[in-house]
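Notes to accompany the following structure.
Starting from 1, each residue takes its place in the sequence as its number.
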Amino acid sequence: MFALGAGLLGHGLLPAIDREIVIARVTARAGCGYEWGVHAATLAQQAGLSLEQLRATAVAGVDASWPPRHAALLVAVDELHETARLSQPAWDALRVHYEDAQLLEFLVLTGWYRTISHLANGLLLREEPWGTPFPPSHGSFPPPHEGDR
């Protein structure tokens with residue numbers, strides 16, 4: 001597992017900020033406060049995501065503050081979460097901004113962090129004390145199970 005995760009984080013084709021938006025949205029949709037908080041506290045901020053942007057990854061919908069490239073990622077993550085597939089409009093929106101190899105990486109990245117979320121949630125991992133707390137659930141995706149905090 002380590003080799004795939006390290007490859008996606010250290011040698012991927014997606015820009016770091018795009019990668020972290022995807023990871024934040026996937027883990028938020030899965031209600032995985034552990035992984036969301038670890039990335040929010042470290043890699044996401046290093047990649048240039050603000051705390052406000054990070055919080056927005058945990059809120060349903062995509063507001064107009066996101067650049068089109070990032071909005072396309074968020075919409076695609078949401079579709080994959082809901083249906084395990086992408087519609088033609090989602091593909092078309094992504095293809096404006098990304099090459100085929102990056103799109104393949106995007107699919108692997110979403111699946112990988114969904115798997116990591118399943119593991120962390122299934123193992124009832126508590127959020128790290130140094131991690132960024134998962135936002136309150138005011139319009140956001142389901143928060144981590146209260147017993148896991």
Checklist line | Verdict with reasoning, H81 to R114, per side chain to side chain donor-acceptor pair (under 3.5 Å) | finding: CA-CA 9 Å; H81 179 80; R114 181 66 182 228; 2.3 Å; yes

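- Between the NE2 atom of H97 and the NE2 atom of H70 there is a distance of 9.0 Å, given to the nearest 0.5 Å.
- Shown here for A40 and L54, the closest heavy-atom pair between the two residues is O-CD1, 3.7 Å.
- To the nearest 0.5 Å, atoms CD (E20) and CZ (R25) are separated by 15.0 Å.
- Residues R69 and Y98 meet the side-chain proximity criterion, which asks for heavy atoms closer than 4.5 Å.
- Residues I116 and Y34 are not in side-chain contact: their nearest non-hydrogen atoms beyond the backbone lie 4.5 Å or more apart.
- Of all heavy-atom pairs between G131 and A41, the closest is CA-CB, 3.8 Å.
- Here D63 pairs with S65 under the side chain to side chain donor-acceptor pair (under 3.5 Å) rule; sequence neighbours left out.
- Contacts of A93 classified as side-chain contact (heavy atoms from CB on, under 4.5 Å), with partners at least two apart in sequence or in another chain: A72.
- Taking the side chain as every heavy atom from C-beta outward, L94 and V75 never approach each other to under 4.5 Å.
- Here R19 contributes atom CZ and H39 contributes atom NE2; the two are 8.0 Å apart, rounded to the nearest 0.5 Å.
- Nearest heavy-atom pair across P15 and Q102 is CD-NE2, 4.1 Å.
- Closest approach of P133 and E127 over heavy atoms only: CA-OE1, 3.7 Å.
- Among residue pairs with one or both ends in residues 79-93, those qualifying as salt bridge (charged side-chain N to carboxylate O under 4.0 Å, His left out) are R29-E82; sequence neighbours excluded.
- For T57 and W36, the side-chain atoms include at least one donor-acceptor pair closer than 3.5 Å.
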Margin query: Quick one, Q45 with L49, criterion side chain to side chain contact (heavy atoms under 4.5 Å, CB included). Give me CA distance, side-chain angles, the key distance, then yes/no.
Written below: CA-CA 5 Å; Q45 289 188 18; L49 279 172; 5.9 Å; no

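- Hydrophobic clustering (ILVMFWY, side-chain heavy atoms < 4.5 Å, transitive): V96 and L14 are in distinct clusters.
- To the nearest 0.5 Å, the span separating CD1 on I21 from CG on L73 amounts to 6.5 Å.
- Of the possible polar contacts, one joining the E105 side chain to the L13 backbone as a donor-acceptor pair under 3.5 Å is found.
- Residues W91 and L104 fall into different hydrophobic clusters, defined by Ile, Leu, Val, Met, Phe, Trp and Tyr side chains chained together at heavy-atom separations under 4.5 Å.
- The minimum heavy-atom distance between V62 and A71, with the atom names listed, is CG1-CB, 3.7 Å.
- Interatomic distance, D18 CG to I23 CD1, rounded to the nearest 0.5 Å: 11.0 Å.
- Residues W112 and V26 fail the side-chain proximity criterion, which asks for heavy atoms closer than 4.5 Å.
- Side-chain contact check for F134 versus T27: every heavy-atom pair is 4.5 Å or farther apart.
- At least one side-chain heavy atom of Q53 sits under 4.5 Å from a side-chain heavy atom of W66.
- Once rounded to the nearest 0.5 Å, the distance linking CG of L80 with CG of L107 reads 6.0 Å.
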Next item on the list: Let me see the working for T42 and W130 under side chain to side chain donor-acceptor pair (under 3.5 Å), right down to the final yes or no.
Entry: CA-CA 10 Å; T42 57; W130 51 267; over 6 Å; no

